[in-house]
Amino acid sequence: MIRDILVSLVSGTVFGAGLALGGMTDPARVRGFLDLFGAWDPTLAFVMGGAVLVMALAWLIQKRMQRPLFAEGFSLPDRRDITPRLVGGSALFGIGWGIAGLCPGPGFASFAIEPASAAIFVAAMLGGMLLVRLVEGN
Amino acid sequence: MSLPGFPDAAPLPGLIGGLLIGLAAALMLLGAGRIAGVSGIAARAFGIASSSLARMGAWAFIIGLPLGALIVTQLTGATAPTFAGPVPLVVAGLIVGIGTRLGSGCTSGHGVCGMSRFSQRSLVATATFMATGFVTVAVMNALGLAVLP
């Protein structure tokens, strides 16, 4: 249990450091990347590329492991179906990402940079999540 | 180091930041056996979704995010970036919250963890949110809607 929490804390901290260093906590940088038809800033492609590269290696290692280092077993998504819900939800997410230049990780990380803005964004985001839960009634 | 043709790009900090994000997600996968998807972990931490991840673990990850960002800003002494005003932040936050629940993930879960695993769902999700992100910024620019000063 305590090891679980420690792994999560270290992972979250390194994750947050990567977000800040890579420019994901700078909305202008993010919107610059999304401004493909204008003054495009390719920085985030390097962020994405670096992260995917390391994770691709991690997946290769994972395949050879019986169980994780500090947990009983793997608990990974296994769905393969492409649904309207997946596509529609992702489409909405991209619109929100484009409007303010923030996605969930940088939203939380920004509490260290501009807490008031981070709080507004995160509160609204949690509200949106809660709304889905209420509408779907589960 | 700069990128020819893109004077504002910061490819090296971007790459190092990306490698750190990858390492963090790898630690979550190989250490805890889980996907480092921030929207899902946030929903778990705040009791919006259930998951096999312990709620304390979800909170530890969420608290780590600003902690890591704080360490970087202290070390680099970077000037604070500008954020959108309250109204666009609320609108964007709501849409991001709804979209990530319906779409089962965000940039981290689909874009980093799923894409690197060649998950078809994540490839479709990432292509979709990138496309609507591009269109959103293009449309806002065309309409002269500036959210950042």
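Keep in mind that what you see is a predicted model, and the values were worked out from it rather than measured. Within every chain, numbering begins at 1; the chains are lettered A, B, ... in the order of the sequence lines, protein sequences first and strands thereafter.
Using a 4.5 Å heavy-atom cutoff, the side chains of A/Glu136 and B/Leu102 are in contact. Side-chain contact between B/Ile95 and A/Ile99 is present, with at least one heavy-atom pair separated by less than 4.5 Å. At a threshold of 4.5 Å between non-hydrogen side-chain atoms, the residues A/Phe46 and B/Leu12 do not count as touching.
For the atom pair CD1 (B/Ile48) and CG (A/Leu130), the distance works out to 5.0 Å, reported to the nearest 0.5 Å. In this structure, CD in A/Glu114 is found 8.5 Å from CG in B/Leu89, a value given to the nearest 0.5 Å. With rounding to the nearest 0.5 Å, the separation of OG1 in B/Thr132 from CH2 in A/Trp97 is 9.0 Å. Note: B/Leu65 CG to A/Thr13 OG1 = 8.0 Å, rounded to the nearest 0.5 Å. A distance of 5.0 Å separates CD1 in A/Ile95 from OG1 in B/Thr136, rounded to the nearest 0.5 Å. Here B/Leu53 contributes atom CG and A/Ser75 contributes atom OG; the two are 8.5 Å apart, rounded to the nearest 0.5 Å.
For B/Ala25, the parts lying near chain A are the backbone and the side chain together; criterion is any non-hydrogen pair under 4.5 Å. No part of B/Ser51 comes within reach of chain A, as not one of its non-hydrogen atoms sits under 4.5 angstrom from that chain. The part of A/Met65 that comes within reach of chain B is its side chain, from C-beta onward, which places non-hydrogen atoms under 4.5 angstrom from that chain. For A/Arg80, the part lying near chain B is the backbone, with the side chain staying farther off; criterion is any non-hydrogen pair under 4.5 Å. Using a 4.5 Å cut-off between heavy atoms, B/Leu94 contacts chain A through both its backbone and its side chain. At a 4.5 Å heavy-atom cutoff, the contact between A/Leu126 and chain B is made by backbone and side-chain atoms alike. A/Val10 touches chain B through backbone and side chain together, each having a heavy atom under 4.5 Å away. Both the backbone and the side chain of A/Leu102 come within contact range of chain B, each with at least one heavy atom under 4.5 Å from a heavy atom of that chain. Residue A/Pro115 does not touch chain B at all, counting heavy-atom pairs closer than 4.5 Å. Interface remark: A/Arg67 contributes no atoms to any contact with chain B (heavy atom separation under 4.5 Å). Residue contact with chain B, scored on non-hydrogen atoms closer than 4.5 Å, involves the side chain of A/Phe37 exclusively. Residue B/Ser52 touches chain A through its side chain alone, counting heavy-atom pairs closer than 4.5 Å. Within the 4.5 angstrom heavy-atom criterion, atoms from both the backbone and the side chain of B/Phe134 approach chain A.
Taking the six-membered ring where tryptophan is involved, the planes of A/Phe108 and B/Phe46 are essentially parallel, since the angle between them stays under 30° and well short of 60°.
When the candidates A/Ile61, A/Leu131, A/Leu44, A/Leu53 are compared by the number of heavy-atom contacts under 4.5 Å with chain B, A/Ile61 comes out ahead. In terms of heavy-atom pairs under 4.5 Å with chain A, the best-connected choice from B/Ile41, B/Val91, B/Leu30 is B/Leu30. Note: A/Ala91 leads A/Ala100, A/Ala71, A/Ala91, A/Cys103 in heavy-atom pairs under 4.5 Å with chain B. Chosen from B/Ala131, B/Gly68, B/Pro7, the residue pairing most often with chain A at heavy-atom distances under 4.5 Å is B/Gly68. Chain B forms more heavy-atom pairs under 4.5 Å with one residue of A/Leu6, A/Val52, A/Thr83 than with any other, namely A/Val52. Across A/Ala56, A/Pro27, A/Ala58, the residue that shares the most heavy-atom pairs under 4.5 angstrom with chain B is A/Pro27. Residue with the most contacts toward chain A among B/Leu29, B/Leu23, B/Ile71: B/Leu29 (heavy-atom pairs, distance under 4.5 Å). Note on B/Asp8, B/Ile63, B/Val135: by heavy-atom pairs under 4.5 Å with chain A, the leading option is B/Asp8. The residue among A/Thr25, A/Val30, A/Asp4 with the most heavy atom pairs within less than 4.5 Å of chain B is A/Thr25. The candidate from B/Ala58, B/Gly109, B/Gly111 with the greatest count of non-hydrogen atom pairs under 4.5 Å with chain A is B/Gly111. The choice from B/Ser122, B/Pro86, B/Ala69 that makes the most heavy-atom pairs within less than 4.5 Å of chain A is B/Ala69. By number of non-hydrogen pairs under 4.5 angstrom with chain B, the leading residue of A/Ala116, A/Gly98, A/Pro42 is A/Pro42.
Looking at every heavy atom in both residues, A/Phe111 comes nearest to B/Pro66 through CB-CB, 4.0 Å. Taking each heavy atom of B/Leu20 and A/Leu21 in turn, the nearest pair found is CD1-CD2, 4.2 Å. When every heavy atom of A/Met55 is checked against every heavy atom of B/Ser116, the shortest pair comes out as CB-OG, 3.2 Å. The shortest heavy-atom contact between B/Met56 and A/Ile5 is CB-CD1, 3.5 Å. Listed here is the closest heavy atom pair of A/Met129 and B/Thr100: CE-OG1, 3.6 Å. Taking both residues in full, the closest heavy atoms of B/Phe61 and A/Ser11 are given as CE1-OG, 3.4 Å, listed atom of the first, atom of the second, then distance.
Residue-environment remark: CG (A/Leu60) exceeds the threshold of 12 foreign heavy atoms within 6.0 Å.
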>> Applying side-chain contact (heavy atoms from CB on, under 4.5 Å) to B/Ile21 and A/Met48, what does each step give before you reach the verdict?
In response: CA-CA 9 Å; B/Ile21 293 169; A/Met48 196 78 139; over 6 Å; no
> Please walk me through it: do A/Asp81 and B/Gln120 pass side-chain contact (heavy atoms from CB on, under 4.5 Å)?
Replying inline: CA-CA 8 Å; A/Asp81 50 328; B/Gln120 299 237 344; over 6 Å; no
>> Please determine whether side-chain contact (heavy atoms from CB on, under 4.5 Å) holds for the pair B/Val147 and A/Arg31, giving the CA-CA distance in whole Å, both sets of side-chain angles, and the decisive distance to 0.1 Å.
In response: CA-CA 10 Å; B/Val147 291; A/Arg31 294 190 89 246; 3.7 Å; yes
> Please walk me through it: do A/Arg133 and B/Arg101 pass side-chain contact (heavy atoms from CB on, under 4.5 Å)?
Replying inline: CA-CA 8 Å; A/Arg133 184 186 150 144; B/Arg101 283 321 290 161; over 6 Å; no
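If you chain together hydrophobic residues whose side chains sit under 4.5 Å apart, A/Leu19 and B/Leu70 never meet in one group. Under the 4.5 Å side-chain heavy-atom criterion for grouping Ile, Leu, Val, Met, Phe, Trp and Tyr, A/Leu57 is not connected to A/Leu69 through any hydrophobic cluster. In the hydrophobic cluster analysis, where Ile, Leu, Val, Met, Phe, Trp and Tyr join through side-chain heavy atoms closer than 4.5 angstrom, B/Met28 is grouped together with B/Trp59.
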For residues 75-84 of chain B, tabulate all N or O donor-acceptor pairs below 3.5 Å that involve a side-chain atom, not counting sequence neighbours.
unit_1, atom_1, unit_2, atom_2, d
B/Thr76, OG1, B/Val72, O, 2.9
B/Thr76, OG1, B/Ala78, N, 3.4

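Hydrophobic cluster membership for B/Val124: A/Ile82, A/Leu86, A/Val87 (Ile, Leu, Val, Met, Phe, Trp, Tyr linked by side-chain heavy atoms under 4.5 Å, directly or transitively).
Scanning for side chain to side chain contact (heavy atoms under 4.5 Å, CB included) contacts around A/Asp78 gives an empty result, with sequence neighbours left out.
In this structure, the side chain of A/Trp59 does not engage the main chain of B/Phe118 through any donor-acceptor pair within 3.5 Å.
Using non-hydrogen atoms only and a strict 4.5 Å limit, the part of residues 138-145 of chain B facing chain A consists of B/Ala138, B/Met140, B/Asn141.
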